[in-house]
Amino acid sequence: ETIDGLNNALQEMNNKIEAIEETKNNEALVLSVALIIKENALYNRNFSKDVDILTDLASNQPNIQNDISTLNNIKNEIIENDISLINSFNSFADELVFEEQTDKQNTNTNDNAVAKSIKLIKDTVSGINFDKVVILKKDKKTNEQKALLSKLKELVNAYNFSEALSLIRNNPQFNKVKNNDFIEWQNSVQKNIIFNEAISRIITS
């Protein structure tokens, strides 16, 4: 009777072990690793090894291979999270200047005229910082440009990065903005979008 009881207990244990072994080939394990990758990216931690593990685990799941390839392409990159992207944008948003393309000869003529005028005023009036006058002149924006920047800020602060990037790409006015921080920010947004779309499809699948 004792031996029969032990046999039954061993059989139950074997069934549990088989269930665990099956889990190794289950989509649940792929899901777990995908969630780990998402969390590591959220906290700016490296997730390259996790992607390698995911690649091996999901080798027999063709429906997510494109997304896994995407993750492999960016696994050594730092994915800026949403809050970081918003803070980064707001740090330089008010400094963005739309540089106007004007005729060089006319520009030189105007610059000379402005320089002569300022010199004349400086010769007669003291104690005024005229350098600020020039800075304000360079930072002049049209109503259209102000509206575009306002819309862009609204989208970014609402976490709508896809629409923000579309707004930039669909409005040639933004091509006049010569700002390295702005260019790097757009690249970071693109990586954020690509990563989140890929990992979301894997998790959903």
**OP:** Assess whether side-chain contact (heavy atoms from CB on, under 4.5 Å) is satisfied between Thr70 and Ile194, documenting all intermediate values.
**Re:** CA-CA 8 Å; Thr70 297; Ile194 290 173; 3.2 Å; yes
One pair to check against side-chain contact (heavy atoms from CB on, under 4.5 Å): Ile79 and Asn44. What are the steps and the verdict? CA-CA 6 Å; Ile79 307 299; Asn44 295 329; 5.7 Å; no
Test side-chain contact (heavy atoms from CB on, under 4.5 Å) applied to Asp94 and Lys153, step by step
CA-CA 10 Å; Asp94 292 332; Lys153 288 180 181 180; 2.6 Å; yes
Review point. Going through the checks in order, is the side-chain contact (heavy atoms from CB on, under 4.5 Å) test met by Ile53 and Ile36?
Key: CA-CA 11 Å; Ile53 293 171; Ile36 290 171; over 6 Å; no
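By the 6.0 Å contact criterion, CG on Asn66 is open, its count of non-hydrogen atoms from other residues, nucleotides or ligands being 12 or less. Annotation for Asn180: atom CG does not count as buried by contact number, only 12 or fewer foreign heavy atoms lying within 6.0 Å. With a 6.0 Å radius and a threshold of 12 heavy atoms from other residues, nucleotides or ligands, Leu10 has its CG atom above the threshold.
When all heavy atoms of Ala58 and Gln65 are compared, the pair lying nearest together is O-NE2, 2.6 Å. Between Ser205 and Glu27, the shortest heavy-atom contact is O-OE1, 4.1 Å.
Taking the six-membered ring wherever Trp is involved, the centroid distance between the rings of Phe89 and Phe161 does not fall below 6.0 Å.
Expressed to the nearest 0.5 Å, how far CG of Leu152 lies from CD1 of Ile168 amounts to 5.0 Å. Within the model, atoms CD of Glu163 and NZ of Lys151 stand 8.0 Å from one another, a figure rounded to the nearest 0.5 Å. A distance of 7.0 Å separates CZ of Phe98 from NZ of Lys141, quoted to the nearest 0.5 Å. For the atom pair CH2 (Trp185) and OG (Ser84), the distance works out to 11.0 Å, reported to the nearest 0.5 Å. If you take CD1 on Ile199 and CG on Leu42, they are separated by 12.0 Å, rounding to the nearest 0.5 Å. Here CG of Asn179 is found 9.5 Å from CD of Gln186. Values are rounded to the nearest 0.5 Å.
We find that Asp50 and Lys75 are not joined by a salt bridge, their nearest charged nitrogen and carboxylate oxygen being 4.0 Å or further apart. Comment: Lys191 engages Glu77 in a salt bridge, judged by a side-chain N to carboxylate O separation of less than 4.0 angstrom.
In the hydrophobic clustering of ILVMFWY residues, with side-chain heavy atoms under 4.5 Å counting as a link, Ile183 and Phe174 come out apart. Using a 4.5 Å cut-off between side-chain heavy atoms of Ile, Leu, Val, Met, Phe, Trp and Tyr, with links allowed through other members, Leu35 and Ile68 fall into the same hydrophobic cluster. Under the 4.5 Å side-chain heavy-atom criterion for grouping Ile, Leu, Val, Met, Phe, Trp and Tyr, Phe92 is connected to Leu167 within one hydrophobic cluster. Hydrophobic cluster membership is shared by Ile83 and Ile193, with clusters built from Ile, Leu, Val, Met, Phe, Trp and Tyr side chains linked at under 4.5 angstrom.
The side-chain heavy atoms of Val33 and Phe47, taken from C-beta on, include no pair separated by under 4.5 Å. Two residues are said to be in side-chain contact when any heavy atoms from C-beta on lie closer than 4.5 Å; Val177 and Glu99 fail this criterion. Inter-residue side-chain proximity for Leu85 and Tyr159 is flagged as unmet; no heavy-atom pair is nearer than 4.5 Å. Taking the side chain as every heavy atom from C-beta outward, Ser69 and Asn72 never approach each other to under 4.5 Å.
Distance alone, capped at 3.5 Å, places no donor-acceptor pair between the Ser59 side chain and the Thr55 backbone. Side-chain atoms of Ser91 come within 3.5 Å of backbone atoms of Ser88 as a donor-acceptor pair (strictly under, hydrogens ignored). For the pair Lys49 (side chain) and Asn46 (backbone), a donor-acceptor distance under 3.5 Å is absent.
Judged purely by distance below 3.5 Å, without hydrogens or angles, the side chains of Asn196 and Asn192 pair a donor atom with an acceptor atom. The closest side-chain donor-acceptor pair between Asn157 and Asn90 falls under 3.5 angstrom.
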